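Note that this is a predicted model, so its numbers are computed, not measured.
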Amino acid sequence: MLMRSRSPIALVCSIPSDSHSWNLVYLQLLLQEKGFATQNLGPCTPLEELARWCALEPDVVVVSSVNGHARTEAPQVAAAVRAALPGQDVQLVIGGMLGTSPDDSAVIEAELTAAGFDGVYTGAEAVARFTATLCVQDTAAGGGARVA
Amino acid sequence: MAVLVWRDGLQGEPSSEFSAFVRAQSAQGRLVVQPRMGLVTLGGMRAGLRAVKAAAAVTVGTITLDSFTRVGNHGAAREALRSGHALNGFPIVVHGGLATRKALRGVDGPAFPVQVRHGSAAPSRIMEELLLAGIGATEGGPVSYCLPYSRMPLREAITRWREACRVLVSAGPGDRGVHLESFGGCLLGQLCPPALLVACSVLECLFFRQHGVRSVSVSYAQQTNVAQDVEAVGALHALAARFLGPADWHSVVYTWMGLFPSTAAGASAVLRDSARLAVRTGVGRLIVKTAAEARRLPRVADNVAALEDAHDTAERHRADRGPAGAVWASADSETYVQARALIEAVLELDEDIGQGLATAFERGILDIPYCLHPDNANQARAALDGDGRLHWASIGSMPLPGVGARAGDLAPAGSTALLHMLGHMQRRYDQAPLTGTV
């Protein structure tokens with residue numbers, strides 16, 4: 001079990017049916033470099049396990065999925081995080097290939113925003129747009145990174 | 001430099017319909033090409049298979065299952081089917097084997113065998129349904145469908161795959177016989193040096209054999225350097241002949257499984273290079289990727305176009321074809337030496353291959369680079385050199401002769417370097433989509 005440190009905390013996970021992991025390996029490295037203590041929950045993340053790790057009180061929960069099933073499953077992920085951290089200021093974001101066709105991305109973004117995600121990132125600039133929301137402060141001053 | 005001399009790869013008599021078809025085509029110098037294709041409905045799947053059968057190529061059919069079925073969440077698959085939400089494959093358990101059999105009527109047969117591709121770490125239920133559907137060929141493995149893709153503990157996956165082999169063997173679909181392909185040549189799809197891919201695939205086939213499956217195939221996924229790939233397939237054949245011979249085996253190459261070129265020209269060039277690799281090395285079967293890969297799930301027409309492109313390429317280069325299951329006469333390639341060391345290290349651990357595999361991963365004797373599964377040591381790292389050749393940046397605790405001293409010279413990749421390596425093939429083929437020289 002990780003102990004809460006001065007660094008902000010990020011959880012990286014996927015939806016229960018998605019077995020891809022390079023996206024998760026990459027996001028873990030990226031968040032670590034941005035100053036987050038990062039716990040990578042791995043592919044096919046079960047909702048119960050995600051809820052359990054929410055006990056770390058993460059500053060950001062990053063859900064990444066590329067199998068096209070997020071449209072169906074991600075609302076349950078949002079519900080699990082919101083239920084585990086009621087009323088808390090956690091930034092919950094999702095990105096990747098979230099439906100089976102890129103034509104649906106606007107509809108899916110609206111659906112997942114309504115389901116409780118603070119940010120929905122798809123398309124070529126997804127990572128750059130997400131990274132821009134990570135406001136890095138001087139870690140030496142004890143601020144660490146935080147989500148803008 | 002090793003000198004190449006081809007000889008027969010010591011393949012025993014075919015003992016399944018699937019293998020008999022592939023081996024007969026190989027004997028005539030033809031490459032069998034196969035899609036990854038899963039349609040959601042019975043009618044859609046039937047139409048997709050008919051289109052593959054009618055393609056101007058030597059094909060076998062594929063039924064790829066959806067992700068919900070893969071993880072055993074049949075309720076979610078049923079719900080998606082009911083509500084019209086898209087599934088990314090064919091939910092064989094929800095449809096049922098008997099309904100699937102009806103949908104296949106007049107489509108599958110000795111001249112067009114069909115394989116189920118599923119991705120499951122616990123596939124017994126899937127095996128029961130595919131046998132009911134009259135299908136005798138499937139794929140996967142206790143390592144290759146557990147560590148890279150599943151949350152299941154490795155020891156449990158090994159137990160489940162023992163059961164699955166028993167299901168296949170005890171209830172084979174009549175005289176069609178059963179065939180099982182190891183997916184061990186893929187692992188995470190990229191950034192794994194070939195020796196580990198080769199070792200895992202041969203070891204999984206040994207596991208299948210130990211549990212009564214007599215007809216198997218070893219696999220290798222196209223990597224990032226053509227010369228290294230040719231060497232790796234040679235090593236795969238030599239080691240399959242050594243450890244599986246004289247059983248019924250053949251080999252299958254997967255077109256590049258990593259980040260795919262986004263241009264049509266780049267995607268086609270990767271596909272053609274994989275077809276040339278398969279032809280040159282005497283591989284029996286090629287599983288293609290499509291030009292749509294980087295953007296969306298491929299449609300039937302995308303698959304047919306890719307199958308015909310691969311077939312045309314194979315026919316154009318027919319004169320280069322190595323004999324079926326060709327092996328390198330010289331057994332001193334880097335991949336051969338490393339893969340053989342890994343296989344022998346596992347076989348020495350236990351007479352039971354499954355036990356040996358579990359212990360090997362526990363001790364880091366096998367260690368898949370970047371694999372996040374808790375039962376993988378995740379100490380090994382790989383890196384690409386300027387020519388796109390894969391090297392070990394760290395070997396963890398793997399007993400790899402000759403690389404211990406060199407490993408560790410390379411700094412662990414940060415996110416930017418990792419992304420750069422993951423994007424190597426996409427960049428290379430999108431920028432200069434000329435096929436390499438095999």
At a 4.5 Å cut-off on heavy atoms, which part of [X] comes close to chain A: side chain, backbone, both, or neither?
X: Pro374(B); value: neither
X: Ala86(B); value: both
X: Leu188(B); value: both
X: Gln190(B); value: both

Original post:
Any idea which of Gly414(B), Ser415(B), Gly258(B) has the most non-hydrogen atom pairs under 4.5 angstrom with chain A?
Top reply: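 Heavy-atom pair counts peak at Ser415(B).
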Original post:
What residue in Leu419(B), Leu87(B), Asn88(B), Leu191(B) has the most heavy-atom pairs under 4.5 Å with chain A?
Top reply: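 Among Leu419(B), Leu87(B), Asn88(B), Leu191(B), the one with the most close pairs to chain A is Asn88(B).
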Original post:
How would you list, in number order, the residues of residues 70-81 of chain A that have a heavy atom less than 4.5 Å from chain B?
Top reply: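 Expected list: Thr72(A), Glu73(A).
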Original post:
Hey, which residues of residues 25-33 of chain A are touching chain B, say heavy atoms under 4.5 Å apart?
Top reply: Val25(A), Tyr26(A), Gln28(A), Leu29(A), Leu30(A), Glu33(A)
Subject >> Selection from Pro46(A), Gly99(A), Pro16(A), Gly68(A) maximising heavy-atom pairs under 4.5 Å formed with chain B >> reply: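 Heavy-atom pairs under 4.5 Å are most numerous for Pro46(A).
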Original post:
Can you say whether Asn40(A) sits under 4.5 Å from chain B via the side chain, the backbone, both, or neither, judging by heavy atoms?
Top reply: side chain
**OP:** Count the heavy atoms of every other residue, nucleotide or ligand shown that sit under 6.0 Å from CZ of Arg427(B), and state whether that count exceeds 12.
**Re:** yes
**OP:** Classify the ring geometry between Tyr370(B) and Trp22(A) as parallel (under 30°), tilted (30 to 60°) or perpendicular (over 60°).
**Re:** tilted
**OP:** Test Cys44(A) against Val71(B) for side chain to side chain contact (heavy atoms under 4.5 Å, CB included), laying out the working first.
**Re:** CA-CA 9 Å; Cys44(A) 295; Val71(B) 296; 4.3 Å; yes
**OP:** List the atom of Pro148(B), the atom of Pro43(A), and the distance in Å for their closest heavy-atom pair.
**Re:**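 Heavy-atom minimum between the residues: O-CG, 4.3 Å.
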**OP:** For residues Ser17(A) and Ser67(B), report the shortest heavy-atom separation together with the two atoms involved.
**Re:** O-CB, 3.5 Å
Original post:
When rounded to the nearest 0.5 angstrom, what is the spacing between OG in Ser21(A) and CD1 in Ile368(B)?
Top reply: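 If I round to the nearest 0.5 Å, the distance is 10.0 Å.
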Original post:
Which ring-ring contact (aromatic ring centres under 6.0 Å, His included) pairs, counting each pair once, include a residue from residues 83-102 of chain A, with sequence neighbours left out?
Top reply: none
Donor-acceptor pairs are to be reported for all side-chain atoms of residues 117-128 of chain A against protein atoms at under 3.5 Å, with residues two or more places apart or in another chain.
from	atom 1	to	atom 2	distance (Å)
Asp118(A)	OD1	Arg82(A)	NH2	3.3
Asp118(A)	OD2	Arg82(A)	NH2	3.0
Asp118(A)	OD2	Leu92(A)	N	2.8

